[in-house]
Amino acid sequence: GAPQKTINVLGISESPGYQAPLNKSLPMQLSLKNLCFALLTCLVLAGCKSSKTVSEAGGTSHAAAESSRIVAANAAFIGKMNEQKVSAKAVTAKLKANLAGGGNSISANGSLKMKRGEAVQIAFSKFGIEVIRLEIDPDSVTIINRLEKYYVRTELRNNPLLGKLDIDFHLIESLFWGEFYMPQGLDARACAERVIASESGKAIKLFMNLGSTLSVETLANAEKALPESARLLNAAGQNAAIAFGYEERVPFAGGFFPSKMNLAAQNGKESFTINMELSKITEDAKWPSHTQLSGKYKRKKAESLLKLIP
């Protein structure tokens, strides 16, 4: 077939492999005219391309630098919060509490006991007698009614009492310890890349999406780098299924532990609050992580948070 034609920048038709004979000269007027035009065109195009490249590269470089700066600042703040964590592996404290929900409320004394990675236990007592015990472990949530001799046990994940959110134990215990939640396996830098941080008065708000049904929002004191509150939000990011508020902290085990905190849980139209004031905080770990119940206790179905208050 006919050889494929190509046109070079000088406007001369050539076929692949074509070479002008050495003794063949181009017309001087044409070659100068085309050469000047070609050079001018190349310079203009190169100038436009260079300008565009520099502009795009500069914009991209600036955006990348700004993003890196923000991540570094967030990582530094998260690292500072981590420095405030207590080093204790277990904690035991006396408490004064008020439980309220659905028009019912009781004031009680009791205890808070926690072991990292194992258990969170809250016992409420009246007149020296335990009335209610809340026990959370990596697999389940158990609420024991001592007066009526029954208990309710549900899985921690997708808990029907808490809106069936995909909550893990590490998240729950972070809230009770008053710490910024960091997904297991992630360091401060990795967490900083996942959070959206914004200023809120004298506090820093850190929002982290944890999946399709759950996110966590932490409000931390900007100067002290200590969480003031934390909320677990539903997929829409609006309703708080669980919210913690930390009113006061005390020096403990190399950090600052909440001595006054509030817990609110909501499931639809139902809400349940616990206000706790802690004292005599120690690192005692000599207590069982799981409560053993006798055969006198009957298991009941988890129907309502409000019905669990005697």
* Structure fact -> When rounded to the nearest 0.5 Å, the distance separating CG of L233 from CE of M208 is 12.5 Å
* To do: Compare every heavy atom of D137 with every heavy atom of D139, then report the nearest pair and how far apart it is.
  => N-OD1, 2.8 Å
* To do: Could you name each residue pair satisfying side chain to side chain donor-acceptor pair (under 3.5 Å) that touches residues 247-258, not counting sequence neighbours?
  => E247-N262
* To do: Using modelled atom types only, decide if a donor and an acceptor are shared between the side chain of E173 and the backbone of G117 within a distance under 3.5 Å.
  => yes
* According to a 4.5 Å side-chain heavy-atom criterion applied to Ile, Leu, Val, Met, Phe, Trp and Tyr, with indirect links allowed, do L112 and I132 form part of one hydrophobic cluster? -> yes
* To do: Applying ring pair (Phe, Tyr, Trp, His ring centres under 6.0 Å), name anything that partners Y151, two or more places apart in sequence or on another chain.
  => none
* **Residues forming a ring pair (Phe, Tyr, Trp, His ring centres under 6.0 Å) with Y246, sequence neighbours excluded** => none
* Looking at residues at least two apart in the chain, or sitting in another chain, which of them share a salt bridge (Lys or Arg N to Asp or Glu O under 4.0 Å) with E217? -> R231
* To do: Return yes if some donor-acceptor pair links the side-chain N/O of R153 with the main-chain N/O of S140 below 3.5 Å, else return no.
  => no
* To do: Could you list the residues that satisfy ring pair (Phe, Tyr, Trp, His ring centres under 6.0 Å) with H170, not counting sequence neighbours?
  => Y181
* Does a side-chain heavy-atom distance below 4.5 Å link T142 with T291? -> no
* Using a 4.5 Å cut-off on heavy atoms from C-beta on, say whether the side chain of E283 contacts that of F252. => yes
* Structure fact -> Here the pair of heavy atoms bringing S289 nearest to A119 is O-CB, 3.5 Å
* What are the two closest heavy atoms between L278 and P258, and how far apart are they? -> CD1-O, 3.4 Å
* Structure fact -> Members sharing W287's hydrophobic cluster, built from side-chain contacts under 4.5 Å between Ile, Leu, Val, Met, Phe, Trp and Tyr, are none
* Quick one: which residue pairs count as a side chain to side chain donor-acceptor pair (under 3.5 Å) with a foot in residues 193-206, not counting sequence neighbours? => none
* Less than 4.5 Å apart, any side-chain heavy atom of V71 and any of R189? -> yes
* Start with the C-alpha distance between N145 and K300, add both sets of side-chain angles, then the distance that settles side chain to side chain contact (heavy atoms under 4.5 Å, CB included), and finish with yes or no. => CA-CA 10 Å; N145 187 315; K300 292 182 66 172; over 6 Å; no
* Looking at A285 and A90, what are the two nearest heavy atoms and their distance? -> CB-CB, 3.6 Å
* Going hydrophobic residue to hydrophobic residue with side-chain gaps under 4.5 angstrom, can you get from L210 over to W177? -> yes
* Can you name the residues that form a salt bridge (Lys or Arg N to Asp or Glu O under 4.0 Å) with E83, not counting sequence neighbours? -> none
* Whether S125 side chain and G110 backbone form a donor-acceptor pair below 3.5 Å -> no
* Structure fact -> Applying side chain to side chain donor-acceptor pair (under 3.5 Å) to D187 and not counting sequence neighbours gives none
* Taking every non-hydrogen atom, the tightest pair across P288 and Q121 -> O-NE2, 3.2 Å
* Asked: What is the distance from atom CD1 of I106 to atom CG of L99, rounded to the nearest 0.5 Å?
  -> 5.0 Å
* Counting distance only, does the side-chain N/O of K126 pair as donor-acceptor with the main-chain N or O of S107 below 3.5 Å? -> yes
* **Min side-chain heavy-atom separation F244-L232 under 4.5 Å** => no
* Interatomic distance, I172 atom CD1 to I242 atom CD1 [nearest 0.5 angstrom] -> 4.0 Å
* Asked: Looking at CD of Q84 and CE of M81, how far apart are the two atoms once the value is rounded to the nearest 0.5 Å?
  -> 9.5 Å
* Check whether any side-chain heavy atom of D168 lies under 4.5 Å from a side-chain heavy atom of Q184, and answer yes or no. => no
* To do: Quick one: list whatever passes side chain to side chain donor-acceptor pair (under 3.5 Å) with E179, sequence neighbours left out.
  => R116
* Asked: Honestly curious: do L293 and V141 fall in one hydrophobic cluster under the side-chain, below-4.5 Å linking rule?
  -> no
* Could you grab the distance from atom CG of L214 to atom CG of L171, nearest 0.5 Å is fine? => 6.5 Å
* Could you tell me the separation between the NZ atom of K296 and the CZ atom of R146, rounded to the nearest 0.5 Å? => 12.0 Å
* Would you check, one step at a time, whether the test side chain to side chain contact (heavy atoms under 4.5 Å, CB included) holds for K85 with F180? => CA-CA 9 Å; K85 289 182 178 181; F180 174 73; 5.7 Å; no
* Asked: Between I78 and I70, is there a shared hydrophobic cluster once you connect ILVMFWY residues whose side-chain heavy atoms come closer than 4.5 Å?
  -> no
* Measure the shortest side-chain to side-chain distance between I144 and E130 over non-hydrogen atoms and say whether it is less than 4.5 angstrom. => no
* Asked: Mind checking what makes ring pair (Phe, Tyr, Trp, His ring centres under 6.0 Å) contact with F77, not counting sequence neighbours?
  -> none
* May I have all residue pairs that pass ring-ring contact (aromatic ring centres under 6.0 Å, His included) and include part of residues 92-127, sequence neighbours excluded? => none
* hydrophobic_cluster_shared for L175 and V195, side chain cutoff 4.5 Å -> yes
* To do: Write down the atom of M276, the atom of I274, and the distance for their closest heavy-atom approach.
  => CG-CG2, 3.6 Å
